[in-house]
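Please read these numbers as outputs of a predicted model, since none were measured by experiment.
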Amino acid sequence: MSNSIYHDEYGTISRDDGRSLLELTWSAATDHISEAEFKALMSRFAQTAEQLPTRYAVVDARELHHRPDADFDSWYDQHVVPSFDRAGLAKLAYLTRPAEAAEAEPVPEGPASFPTGYFDSMQSVEDWLKTG
């Protein structure tokens, strides 16, 4: 059972202690989120993973309307990935709209030590998380 541990108009961070799972669910209000607010919530999510025992992280981006700036990937690699690595994250899953889901096998991205996968259904995410 997931417990909400943070909520604002742009998203909710929840935790399932039984599975060491942390989830960020973006809201439709992200159609007017600033880049700074977007990065702040991503940072909060990564820092929460670092503070609480977290094996798996899921980002539900199905309602995410914001498109990050061109420098976002570099910022993410410098500020978010290190927190996930320090947390000991084993897997990161992005739940996306079907047209945005990748068919490639999940692999570590950039400097990450954990694989990242992109899925179009929560069942696919759950199946992948169960594999280790």
Exercise for review: Assess the pair Tyr10 and His32: is the distance between their ring centroids shorter than 6.0 Å?
Suggested key: yes

**Study point:** Donor-acceptor pair, side chain of Thr30 and main chain of Ser27, under 3.5 angstrom
**Key:** yes

Review point. Is it true that the side chains of Thr48 and Gln51 contain a donor and an acceptor less than 3.5 Å apart?
Key: no

Review point. Taking all non-hydrogen atoms of both residues, which atom of Asp120 and which atom of Pro98 are closest, and how far apart?
Key: CB-CA, 3.6 Å

Revision key, fill the gap. Between the CG atom in Leu92 and the CZ atom in Phe45, the distance rounded to the nearest 0.5 Å is 7.0 Å

Check your understanding: Okay, side chain of Asp16, backbone of Gly18: is any donor-acceptor separation there less than 3.5 Å?
Key -> yes

Review point. Mind checking what makes side chain to side chain contact (heavy atoms under 4.5 Å, CB included) contact with Arg86, not counting sequence neighbours?
Key: Glu50, Pro82, Ser83

**Study point:** Residues forming a ring-ring contact (aromatic ring centres under 6.0 Å, His included) with Phe72, sequence neighbours excluded
**Key:** Phe38, Trp75, Tyr76

Review point. For the atom pair CG (Leu89) and CG (Leu22), what is the distance rounded to the nearest 0.5 Å?
Key: 9.0 Å

Exercise for review: Look at the side-chain heavy atoms of Ile, Leu, Val, Met, Phe, Trp and Tyr, link any pair under 4.5 Å apart, and say whether Val59 and Ile33 land in one connected group.
Suggested key: yes

Study note, to complete from the structure: In Asp60, Thr116, Leu24, the residue satisfying side-chain contact (heavy atoms from CB on, under 4.5 Å) with Tyr94 is Thr116

Check your understanding: Just checking, is any N or O donor in the side chain of Thr131 or Lys91 under 3.5 Å from an acceptor N or O on the other one?
Key -> yes

Point to revise | Sub-4.5 Å side-chain heavy-atom contact between Val81 and Pro111 | key: yes

Check your understanding: Any donor and acceptor pair, going by atom type alone, linking the side chain of Ser121 with main-chain N or O of Ser124 inside 3.5 Å?
Key -> yes

Check your understanding: If you group Ile, Leu, Val, Met, Phe, Trp and Tyr by side-chain heavy-atom gaps below 4.5 Å, do Ile5 and Leu41 land in one group?
Key -> yes

Point to revise | Interatomic spacing from OG in Ser4 to CZ in Arg15 - rounded to 0.5 Å | key: 13.0 Å

Check your understanding: Does Ala28 have any side chain to side chain contact (heavy atoms under 4.5 Å, CB included) partners at least two apart in sequence or in another chain, and if so, which?
Key -> Glu63, His65

Point to revise | Residues Asp85, Phe114; criterion side chain to side chain contact (heavy atoms under 4.5 Å, CB included); working and verdict | key: CA-CA 8 Å; Asp85 278 336; Phe114 51 86; 3.4 Å; yes

Practice item. Applying ring-ring contact (aromatic ring centres under 6.0 Å, His included), name anything that partners Trp128, two or more places apart in sequence or on another chain. Key: Phe119

**Study point:** Atom pair CZ (Phe84) and OG1 (Thr54), whose distance is rounded to the nearest 0.5 Å
**Key:** 8.5 Å

Point to revise | By side chain to side chain donor-acceptor pair (under 3.5 Å) - contacts of Thr25 (at least two apart) | key: Glu23

**Study point:** Rounded distance (nearest 0.5 Å) linking atom NE2 of His66 with atom CD of Glu37
**Key:** 9.5 Å

Exercise for review: With Arg19 as the cation and Tyr56 as the aromatic partner, state whether NZ or CZ is under 6.0 Å from the six-membered ring centre and within 45° of the axis.
Suggested key: no

**Study point:** Check against side chain to side chain contact (heavy atoms under 4.5 Å, CB included), Arg62 and Leu95
**Key:** CA-CA 6 Å; Arg62 292 176 292 182; Leu95 180 57; 3.3 Å; yes

Check your understanding: Donor-acceptor pair, Arg97 side chain versus Leu64 backbone, under 3.5 Å?
Key -> yes

Point to revise | Partner set under side chain to side chain donor-acceptor pair (under 3.5 Å) for Asp127, not counting sequence neighbours | key: Gln123

Practice item. Examine distances only and state if a side-chain atom of Asp8 and a backbone atom of Gly11 form a donor-acceptor pair shorter than 3.5 Å. Key: yes

Check your understanding: What are the two closest heavy atoms between Ala57 and Leu21, and how far apart are they?
Key -> N-CD1, 4.5 Å

Practice item. To the nearest 0.5 Å, tell me how far Leu52 CG sits from Asp17 CG. Key: 7.5 Å

